Each structure stands twice: as structure tokens, then as C-alpha cells.
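Both counts, for ligands and for their atoms, begin at 1 and track the order of listing. All values derive from a computational prediction rather than experimental measurement.
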Amino acid sequence: MKIVDLRSDTITLPTREMMEAVQEAELGDDVFGEDPTMNKLEKMAASRMGKEKALFVTSGTQGNVVSMLTHTHHGDEVIMEAQSHVFLYEVGAMAALGGLMAHPVPGHNGVLRPEDVETAIRGENIHFPKTQLLCVENTHNNAGGIAVTPQEMKALAAVVKPRGIRMHLDGARVFNAAIALNTDVKNLTKEADSVMFCLSKGLSAPVGSMVCGSEAYIERARKVRKMLGGGMRQAGILAACGIVALEKMVDRLREDHANARALAEGLAEMKGISIDMEKVQTNILVFDVSGLGGSQKVVSELEKKGVRCLPRDETHIRMVTNRMVSAEDIDRALEKIREVLL
Ligand code: TLP
């Protein structure tokens with residue numbers, strides 16, 4: 001049975017070109033800064049994000065924690081959207097490893113309102129921790145792949161920058177946002193002091209994410225990465241795939257977006273499914289199945305038919321289009337979903 005795997009874009013396998021690039025990669029010890037392939041990837045990533053330097057990290061989670069630890073001191077407070085990945089899905093790393101206090105603020109469709117961030121910022125008071133960092137997620141995963149616009153980034157920066165608060169962008173899928181908004185990715189990263197983006201999601205590299213920022217910032221981040229055990233030796237093996245990902249795989253994300261739209265349009269016509277088409281902007285769909293007896297039941301039924309997806313919560317399912325799923329697979333998935341709903 002052919003499986004249509006819509007659990008995540010993290011399931012994408014490396015391309016043949018990536019595997020070939022691995023064979024050819026010139027290698028060295030990256031902890032000594034001597035891996036030419038890694039040095040090339042880090043240079044490319046920094047330039048793509050409009051930052052001075054970049055650092056390869058093992059995962060998006062490691063990238064976010066390295067970024068947060070580099071910006072802060074123990075006991076500082078970090079503001080983030082209440083449904084964000086850094087708050088919900090990173091094993092409490094900021095608290096466990098950084099001694100940081102999370103201050104989650106509910107956004108609107110995943111996008112923080114500047115006035116709510118302003119209210120959340122602590123003033124000078126002997127009782128308060130120091131608000132040191134704002135984290136923004138783009139695209140916003142839990143909200144359903146919503147793209148935060150350059151104007152929204154600017155409005156948030158206008159609130160935090162004058163107060164000396166730093167801004168970190170969890171841009172795991174920032175290229176998806178740039179494509180959806182038809183803008184250069186630099187317009188989305190400009191206001192951020194640090195950016196993390198993933199090579200291993202829609203871009204299909206097997207491993208790795210990048211942290212980008214100023215030269216001084218990345219120098220400190222490199223040390224934090226080492227402390228977390230993330231200093232890798234002949235990491236050019238991984239960087240070779242990352243280079244192909246950046247050079248060849250970014251524009252292809254459009255196909256995932258078109259497939260997500262086609263999937264959403266099909267779902268919207270089905271009884272018992274409620275999906276907000278305005279929120280279908282990139283490659284993530286989150287939709288309500290409360291009318292069908294809850295998400296776990298539907299996910300299990302679909303699994304039996306060869307369509308894989310994940311419950312987002314008790315009433316919502318998440319589906320993520322990705323390179324392993326073709327337009328024909330989407331038609332097939334819709335057919336199977338219809339069968340389950342009958
Ligand atoms: N998200 C994964 C799961 O962890 C939920 C997924 O399947 O979507 N930031 C954002 C916005 C993310 O969506 C993710 C991964 C990460 C960070 C962490 O990346 P990894 O999985 O590489 O640690």
C-alpha cells in the first residue's frame with residue numbers, strides 16, 4: 001500500500017544530488033574551523049539571511065536554545081507566542097539549560113500583537129526579572145503555517161528595540177514564509193538579532209539548522225554550541241547536503257504550498273471538517289474534526305488507509321505537505337479521507 005505521509009516536512013529524505021555532494025565534499029575538523037564545506041555553507045547561510053555570520057547546529061531545537069542562551073543570562077525573561085515551538089515543544093530547554101523564565105503571550109493566528117508585547121515587558125522594579133528577549137516564530141507552526149509579514153516584524157521590533165530587548169526569529173520555515181509573501185527572506189530577518197532556520201524540513205537536507213547573526217554573536221553562539229555538545233568534527237558531510245538545500249530546494253517549496261492549497265480545498269468540501277482557507281498560506285494545514293469524534297480517532301482510521309498525519313490536539317489534525325508527497329498523492333489522500341468519512 002502506498003503511504004501518503006503528511007505528518008511533517010521533517011520526513012523528507014535527502015536528494016540524490018545531496019548524496020553525490022557528500023561523496024565529493026572536502027572535509028576537515030570543524031571545531032578547529034577547518035572544514036571547507038562547512039565554512040562554505042555558513043557563509044552562504046549568513047549571506048542569504050543578511051547577517052554577518054552563521055553557525056551550523058544539529059537541529060532547530062538546538063538552534064533555538066543556543067540562540068536563547070547566547071542572548072541572555074540566568075534568570076532573564078523571554079517573551080514568546082503562547083502556542084510557539086520554543087514554549088511548547090523544546091522540552092523546557094530554556095528553563096532547564098538557560099535558567100530562563102518563559103513569558104508566553106497569546107497572539108492572533110500565531111502573530112503577536114505589538115501592544116500585547118509592550119504590556120508583557122517588565123519595567124524597572126526590584127521584584128521583576130529582566131525582559132531580555134522576544135522570540136518570534138515564522139512561519140507559525142501551531143497556527144497552521146501562518147507567515148508573519150515584514151510589517152509585523154517591524155512593528156514588534158519598534159516595541160522591543162528601544163528598550164534594549166533582543167529579538168530572535170525561530171525561522172524553522174522562514175523560506176516558506178518568504179515564498180508565501182513573495183518577498184526576499186532578508187525582509188523577514190532584517191529586524192531580528194538572530195535567526196534560526198532549518199535545512200532539514202522542506203529543504204530536505206538530512207540533518208541540521210543554521211543560526212545567523214552578527215560576528216560577535218556567532219562567536220559566542222559557537223561556544224554555547226560546544227558547551228551543549230554540538231561541536232562536530234568532519235561536519236562537511238552534513239554541510240554538503242545543506243549547500244544543495246540552499247541552492248536547489250528553496251523555490252521548490254512552492255509545490256508544497258500548491259499541494260497544501262489543493263488538499264485544503266478538498267477538505268473544505270467534506271462534511272465534519274472545518275478549515276479556514278485564509279489560514280492556508282504555506283505547507284501546514286490545521287483543521288477541526290470535532291464533528292467526527294475527535295482527532296485521534298480520525299488519525300487512526302486514516303493510518304489504516306495509508307494516509308499519515310498527526311493530531312494537533314483533541315479536536316484538530318495537522319497535515320504538512322512536503323517533497324515526498326506529489327500532487328497525485330494529494331488526490332489519493334483526499335480519496336482516502338472521503339472513504340474514512342463515509
Ligand atoms: N517542528 C516539528 C515538531 O517538533 C513539532 C514539526 O514536525 O513541525 N521551530 C519550529 C517552528 C518547528 O516547527 C520545529 C520542528 C523546530 C523549531 C525544531 O526543529 P527540530 O525538529 O529540528 O529540532
- Task: Answer whether the closest heavy-atom distance between the side chains of V160 and R163 falls below 4.5 Å.
- Result: no
- Can you list the steps and then say if R225 with D30 is a salt bridge (Lys or Arg N to Asp or Glu O under 4.0 Å)? CA-CA 12 Å; R225 181 189 70 171; D30 183 51; 3.6 Å; yes
- Look only at interatomic distance and state if E137 has a nitrogen or oxygen under 3.5 Å from any nitrogen or oxygen of ligand 1. no
- Per-residue contact class, R312 against ligand 1 - non-hydrogen pairs under 4.0 Å: neither
- Side-chain donor-acceptor contact under 3.5 Å, N64 with H168: yes
- Task: Give the residue, atom name and distance (to 0.1 Å) of the protein heavy atom nearest atom 7 (O) of ligand 1.
- Result: S8 OG, 2.7 Å
- Item | Element-labelled atoms of ligand 1 that are located less than 4.0 Å from some non-hydrogen atom of E90 | 17 (C)
- Does K40 NZ have over 12 foreign heavy atoms under 6.0 Å away? no
- Message: Under 4.0 Å, heavy-atom basis, I'd like to know which part of N141 is in contact with ligand 1: side chain, backbone, both or neither.
- Response: side chain
- Task: Report the part of N64 (side chain from C-beta onward, or backbone N, CA, C, O) that has a heavy atom under 4.0 Å from ligand 1; answer both or neither where that applies.
- Result: side chain
- Atoms of ligand 1, numbered as shown, that sit under 4.0 Å from any heavy atom of G60: 18 (C), 19 (O), 20 (P), 22 (O), 23 (O)
- Message: Under 3.5 Å between any N/O of S200 and any N/O of ligand 1: does that happen in this structure?
- Response: no
- Evaluate the side-chain proximity of L55 to E42: yes if any heavy-atom separation is below 4.5 Å, no if none is. yes
- Which bit of S59 is near ligand 1, meaning a heavy atom under 4.0 Å away: side chain, backbone, both or neither? both
- Take S204 and R323 through the test side chain to side chain donor-acceptor pair (under 3.5 Å) and record every step on the way to the result. CA-CA 8 Å; S204 302; R323 203 187 100 247; 2.9 Å; yes
- Task: Please confirm whether H140 comes under 4.0 Å of ligand 1, counting heavy atoms of the residue only.
- Result: no
- Task: Report yes or no: does S274 contribute a side-chain atom to a donor-acceptor pair with the main-chain N or O of D288 at less than 3.5 Å?
- Result: no
- Message: List ligand 1 atoms under 4.0 Å from R173, heavy atoms only on the residue side.
- Response: 6 (C), 8 (O), 12 (C), 13 (O)
- Identify, for atom 23 (O) of ligand 1, the protein heavy atom at the shortest distance, and state residue, atom and that distance. T61 OG1, 2.6 Å
- N/O to N/O below 3.5 Å, does that happen between D170 and ligand 1? yes
- Query: Side chains of N283 and N322: donor-acceptor distance under 3.5 Å anywhere?
  - Reply: no
- Looking at ligand 1, does any of its N/O atoms fall within less than 3.5 Å of an N/O of R7? no
- Message: If we only consider heavy atoms of K201, is any one of them less than 4.0 Å away from an atom in ligand 1?
- Response: yes
- Item | Any Q62 heavy atom less than 4.0 Å to ligand 1 | no
- For E219, look at atom CD and say whether over 12 heavy atoms of other residues, nucleotides or ligands are found less than 6.0 Å away. no
- Message: Quick check: do D170 and N138 have side-chain heavy atoms less than 4.5 Å from each other?
- Response: no
- for atom 12 (C) of ligand 1, nearest protein heavy atom and its distance come out as H85 CD2, 3.3 Å
- Polar side chain donor-acceptor pair, S194 to H71, under 3.5 angstrom: yes
